[in-house]
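Beneath this line is the structure, given in structure tokens, with notes to follow.
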Amino acid sequence: MLMGAPTKDVDPRLAREHLMELARLTDTAGGEVVGALQQRIDAPHARLYIGQGKAQELREHLVEREADLVIFDEELSPAQGKNLEDVLGVRVMDRPELILDIFATRARSREARLQVELAQLEYLRPRLKRMWTHLSRTRGGIGLRGPGETQIETDRRLIGTRIADLKSKLRDVAAAREVQRLQRQGEFRVALVGYTNAGKSSLLHALSGADVFVEDRLFATLDSTTRSVELESGYTALVTDTVGFIRKLPHHLVASFRSTLEEAREADVILHVQDASHPDRAEQEEVVEEVLEDLDLADRPQILVFNKMDVVDPDAASALQEEVRARDGSAPPALFVSAHEPGSLESLKAALLARARARMHRIHIRVPAAAGDVLAEIHRDGEMLEQSHEGAVMEVVARVPAATKGRLAGRDDVEHVVD
């Protein structure tokens, strides 16, 4: 059974969409929705979050529909969760706990599993008493009657020890990830960010042609995936698909996944992918911008990528394009594409190629003809623009990354020409 309790300043249409999204989350978690209730409130009630009368109505619906779980769209305090379970007689979850449960089932890599477990324990620690009480009531009897404060305090200490251990392991993983990033320092790097189910994985698959897991469900993928995308003139981009965002994303989860999202911090450009066909696209855009702000990523170079344009009504598409054109000059550039129409991705590849070229440094050098390793390095890391021979000397004009330029500047056999 789903329960929404938006405040009265929330648009009714958005409030309905929030509940629909909660239903999709429940489906992703493997649950079956048997009904939904909503109460618009001035402010959350301290004891039950919702009013006493609505709680009784909810209890009647639970009995009528034989539901054994209530999922609130809002985050509940530990006390509110316990009080609601006492009144309703069934297990109560809130949206953050549901999202954590989904992440726990979807995590594949060691890092993702560590991150999710850390977030779960951070969430669980202040709610231990309610968890024990619920376990005692639902399973009953032997070994579980009256767990008492001693067991709860023991568990708190165990959880505290495990949290410290997980944080230590994640620091080790982050250090290893930093080494990998340093090894890719000369590469042109792109990060895909966006609301969950905006089509980031489909876009990465369409750009790279490589196998990428794609599923039409919320949080289909959690582990960051990096693929090489061929541009033109020998340029390539390393494109990383990051975890999707969602409204009311648990702050413990954001903190735990910070190291994974460092890929976005180190990227030369962030592609903010949006589902152009979604009725609440504008709100989803705001959610992603808020999370980027929380992660100190809002100042990174961005390109807005409006995906799924193939299923957008022509009038709606024109209105969206007009809306984007009307934005002020400080807004990121925008592109309109579809992962299912390869031809529409050429504009995106061209934009990435322009960014890749812009980060390169133009050099004009003379080197001995025998210095073939210089030419090899330029071809590997950059773009050869001009090449000529004068006896035993080669004259080269090229675009190269800053690191390559620095290495060449340190060589005694390389003479830099001032144009």
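Predicted model only: the values in this text are computed from it and were never measured.
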Are side-chain heavy atoms of [X] and [Y] found at a separation under 4.5 Å?
| X | Y | value |
| --- | --- | --- |
| V311 | H340 | no |
| M384 | L375 | yes |
| E57 | H61 | yes |
| R162 | L121 | yes |
| L352 | Y235 | no |
| V173 | R110 | yes |
| E395 | H364 | yes |
| R189 | R359 | no |

If you round to the nearest 0.5 Å, how far is [atom2] of [Y] from [atom1] of [X]?
| X | Y | atom1 | atom2 | result |
| --- | --- | --- | --- | --- |
| R171 | L114 | CZ | CG | 12.0 Å |
| I71 | M93 | CD1 | CE | 5.5 Å |
| Q39 | K54 | CD | NZ | 5.5 Å |
| S202 | N197 | OG | CG | 8.5 Å |
| I102 | E97 | CD1 | CD | 11.5 Å |

I'd like to know if the side chain of [X] and the backbone of [Y] have a donor-acceptor N/O pair within less than 3.5 Å.
| X | Y | value |
| --- | --- | --- |
| T404 | D381 | no |
| R300 | A267 | yes |
| E117 | L166 | no |
| R40 | P6 | no |
| H45 | R47 | no |
| T26 | L22 | yes |
| R65 | V34 | yes |
| S168 | A164 | no |
| E85 | V92 | yes |

For the side-chain contact (heavy atoms from CB on, under 4.5 Å) test, which of V288, V305, N307, L304 pairs with Q274?
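Answer after filtering V288, V305, N307, L304: L304.
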Considering the options N83, D86, L88, which one meets the side-chain contact (heavy atoms from CB on, under 4.5 Å) requirement together with L48?
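That would be N83.
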Before you tell me yes or no, could you show the steps for K167 and L118 under side chain to side chain contact (heavy atoms under 4.5 Å, CB included), namely the whole-Å CA-CA distance, both residues' side-chain angles and the distance that decides it to 0.1 Å?
CA-CA 8 Å; K167 287 181 176 179; L118 175 60; 4.0 Å; yes
What heavy-atom pair brings [X] and [Y] nearest, and what distance separates the two atoms?
| X | Y | answer |
| --- | --- | --- |
| R59 | G89 | NH1-N, 3.9 Å |
| V312 | A317 | CG1-N, 3.6 Å |
| G382 | M360 | CA-CE, 3.4 Å |
| K308 | D275 | CD-OD1, 3.2 Å |
| M3 | E74 | O-OE1, 4.2 Å |
| D94 | L76 | OD2-N, 3.0 Å |

Passes salt bridge (charged side-chain N to carboxylate O under 4.0 Å, His left out), R407 versus E377? Steps please.
CA-CA 10 Å; R407 283 193 297 271; E377 185 168 9; 2.6 Å; yes
No-hydrogen, no-angle side-chain donor-acceptor test under 3.5 Å, H18 and E283:
yes
Does the pair E21 and R247 meet the rule for a salt bridge (charged side-chain N to carboxylate O under 4.0 Å, His left out), with working shown?
CA-CA 10 Å; E21 184 176 83; R247 352 174 144 85; 2.8 Å; yes
Walk me through it: do D241 and R227 pass the test salt bridge (charged side-chain N to carboxylate O under 4.0 Å, His left out)?
CA-CA 9 Å; D241 180 15; R227 295 290 184 269; over 6 Å; no
When the aromatic ring centroids of Y195 and F245 are compared, is their separation below 6.0 Å?
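No.
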Mark yes when over 12 heavy atoms from residues, nucleotides or ligands other than E66 sit less than 6.0 Å from its CD; otherwise mark no.
no
